[in-house]
Amino acid sequence: MGPVRAEIDIDVPRQRIFEELLDLSRRPSFTDHFISDFRLTRIDATGLGAGARFRFQFPLRSPWVDTTIVDVEDPHLIVEEGRGGRVNRIPSHTVWELLEGSGPLTRVRVSYWTEPANPVDRAVEVLSGGSIWCERGWREALRRLRDRLESEAPTLKRIAVAGGNPHPTGIP
């Protein structure tokens with residue numbers, strides 16, 4: 001599938017957007033309309049190595065997908081790689097780019113694609129219309145991210161890891 005791309009201009013400093021996107025625990029607050037069952041794969045949900053597992057909610061199927069942050073170039077690039085589909089055999093990639101726009105605007109661009117090697121997996125993706133639903137979902141996610149960041153809300157809502165320390169690091 002893909003690559004599927006969506007982009008939007010947000011009237012927020014690039015560093016703030018970068019920090020929100022780098023924290024996987026905040027993703028459900030703007031992607032829960034097309035992603036469900038979101039779970040973190042480690043307690044530290046920010047930065048290199050942070051990972052999550054979730055389901056895309058498409059009309060004809062709901063594949064599980066894993067993602068891990070594998071590259072970060074502060075404050076303009078976050079690269080995620082993972083696997084999904086049946087028995088996690090389909091590689092997937094997500095790239096977040098933050099570009100300086102005109103004036104105080106920041107252009108946020110997300111690209112998502114999969115690389116199914118098996119002909120059956122390719123056929124299922126094409127027949128289920130995954131690209132169309134995925135593109136719509138990412139466009140709406142960026143709109144929701146913009147609305148939340150440009151509003152007066154201080155930060156996006158975070159999810160927690162079961163059994164994780166409820167106190168910030170360094171505080172007894």
Side-chain angles (χ1 to χ4, degrees), residues 1-12 14-72 75-85 88 90-99 106-115 125 128-162 164:
M1 165 185 8
V4 177
R5 290 186 179 90
E7 61 183 52
I8 198 165
D9 290 328
I10 302 177
D11 189 12
V12 172
R14 182 166 63 165
Q15 186 64 39
R16 178 161 177 235
I17 300 169
F18 182 81
E19 290 167 2
E20 296 292 333
L21 292 174
L22 195 59
D23 188 348
L24 291 180
S25 68
R26 295 184 175 148
R27 293 279 172 89
S29 67
F30 62 94
T31 61
D32 62 357
H33 62 285
F34 80 117
I35 290 177
S36 68
D37 300 321
F38 195 92
R39 293 168 173 81
L40 297 173
T41 58
R42 72 176 200 177
I43 291 175
D44 185 8
T46 304
L48 284 174
R53 182 166 174 79
F54 54 88
R55 293 183 91 143
F56 278 116
Q57 293 299 310
F58 300 142
L60 300 177
R61 64 190 193 107
S62 298
W64 282 98
V65 178
D66 296 334
T67 191
T68 303
I69 297 175
V70 296
D71 190 21
V72 175
H76 63 276
L77 182 70
I78 300 171
V79 178
E80 301 172 27
E81 292 183 358
R83 301 185 79 71
N88 267 6
I90 302 172
S92 65
H93 309 273
T94 309
V95 176
W96 297 88
E97 298 172 274
L98 285 78
L99 311 166
T106 300
R107 172 150 297 189
V108 178
R109 179 181 303 141
V110 61
S111 302
Y112 177 82
W113 68 97
T114 60
E115 298 173 343
E125 282 190 355
S128 69
S131 291
I132 295 166
W133 292 104
C134 198
E135 184 174 352
R136 286 180 186 170
W138 285 119
R139 277 197 319 257
E140 177 63 22
L142 289 179
R143 281 193 290 272
R144 293 177 71 190
L145 175 67
R146 179 194 60 204
D147 293 346
R148 288 196 168 109
L149 287 173
E150 289 181 353
S151 72
E152 297 300 319
T155 58
L156 300 175
K157 181 181 173 189
R158 297 184 70 186
I159 62 168
V161 177

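Because the structure is predicted, anything quoted here is derived from the model rather than measured. Residues: numbered from 1 along the sequence shown.
With values rounded to the nearest 0.5 angstrom, Leu48 atom CG is found 7.0 Å from Asp71 atom CG. Atom CG of Asp9 is separated from atom CZ of Arg146 by 9.0 Å, given to the nearest 0.5 angstrom. Distance check: Leu77 CG to Arg109 CZ gives 11.0 Å after rounding to the nearest 0.5 Å. Note that the CD atom of Glu150 and the CG atom of Leu145 stand 9.5 Å from one another [nearest 0.5 Å]. Taking CH2 from Trp96 and CD from Glu20, the interatomic distance works out to 11.5 Å, rounded to the nearest 0.5 Å. Here the straight-line distance linking atom CD1 of Ile78 with atom CD of Glu97 works out to 11.0 Å at 0.5 Å rounding.
Looking at heavy atoms from C-beta onward, Phe30 lies out of side-chain contact with Leu142 at the 4.5 angstrom threshold. Side chains of Arg42 and Leu24 form no contact here, defined as non-hydrogen atoms less than 4.5 Å apart. Pro75 places none of its side-chain heavy atoms less than 4.5 Å from the side chain of Leu98. At a threshold of 4.5 Å between non-hydrogen side-chain atoms, the residues His93 and Glu115 count as touching.
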Using the side-chain contact (heavy atoms from CB on, under 4.5 Å) rule, take Val95 and Trp113 through it: C-alpha gap first, then chi angles, then the decisive distance, then the call. CA-CA 9 Å; Val95 176; Trp113 68 97; 3.7 Å; yes
Apply side-chain contact (heavy atoms from CB on, under 4.5 Å) to the pair Phe58 and Cys134, showing each step before the final yes or no. CA-CA 8 Å; Phe58 300 142; Cys134 198; 4.0 Å; yes
Between Phe18 and Thr106, does the side-chain contact (heavy atoms from CB on, under 4.5 Å) criterion hold? Intermediate values first, please. CA-CA 10 Å; Phe18 182 81; Thr106 300; over 6 Å; no
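Inspection of the Gln57 and Trp133 side chains reveals no N or O donor paired with an N or O acceptor under 3.5 Å.
The main-chain N or O of Ser62 is found under 3.5 Å from a side-chain atom of Arg55 such that the two form a donor-acceptor pair. Between the side chain of Arg14 and the backbone N or O of His76 there is no donor-acceptor pair closer than 3.5 Å. Using a distance-only test at 3.5 Å, with no hydrogens or angles considered, no donor-acceptor pair links the side chain of Arg136 to the main chain of Phe34.
Remark: Arg139 engages Glu135 in a salt bridge, criterion side-chain N to carboxylate O under 4.0 Å. Using a 4.0 Å cut-off between charged nitrogen and carboxylate oxygen, Arg16 and Glu19 do not count as a salt-bridge pair. Salt bridge Asp66/Arg83: absent, no basic N to carboxylate O contact under 4.0 Å.
The nearest pair of heavy atoms linking Leu21 to Arg27 is O-NH2, 2.9 Å.
Among residues two or more places apart in sequence or in another chain, the side-chain contact (heavy atoms from CB on, under 4.5 Å) test is passed with Ser92 by Val65, Tyr112, Thr114.
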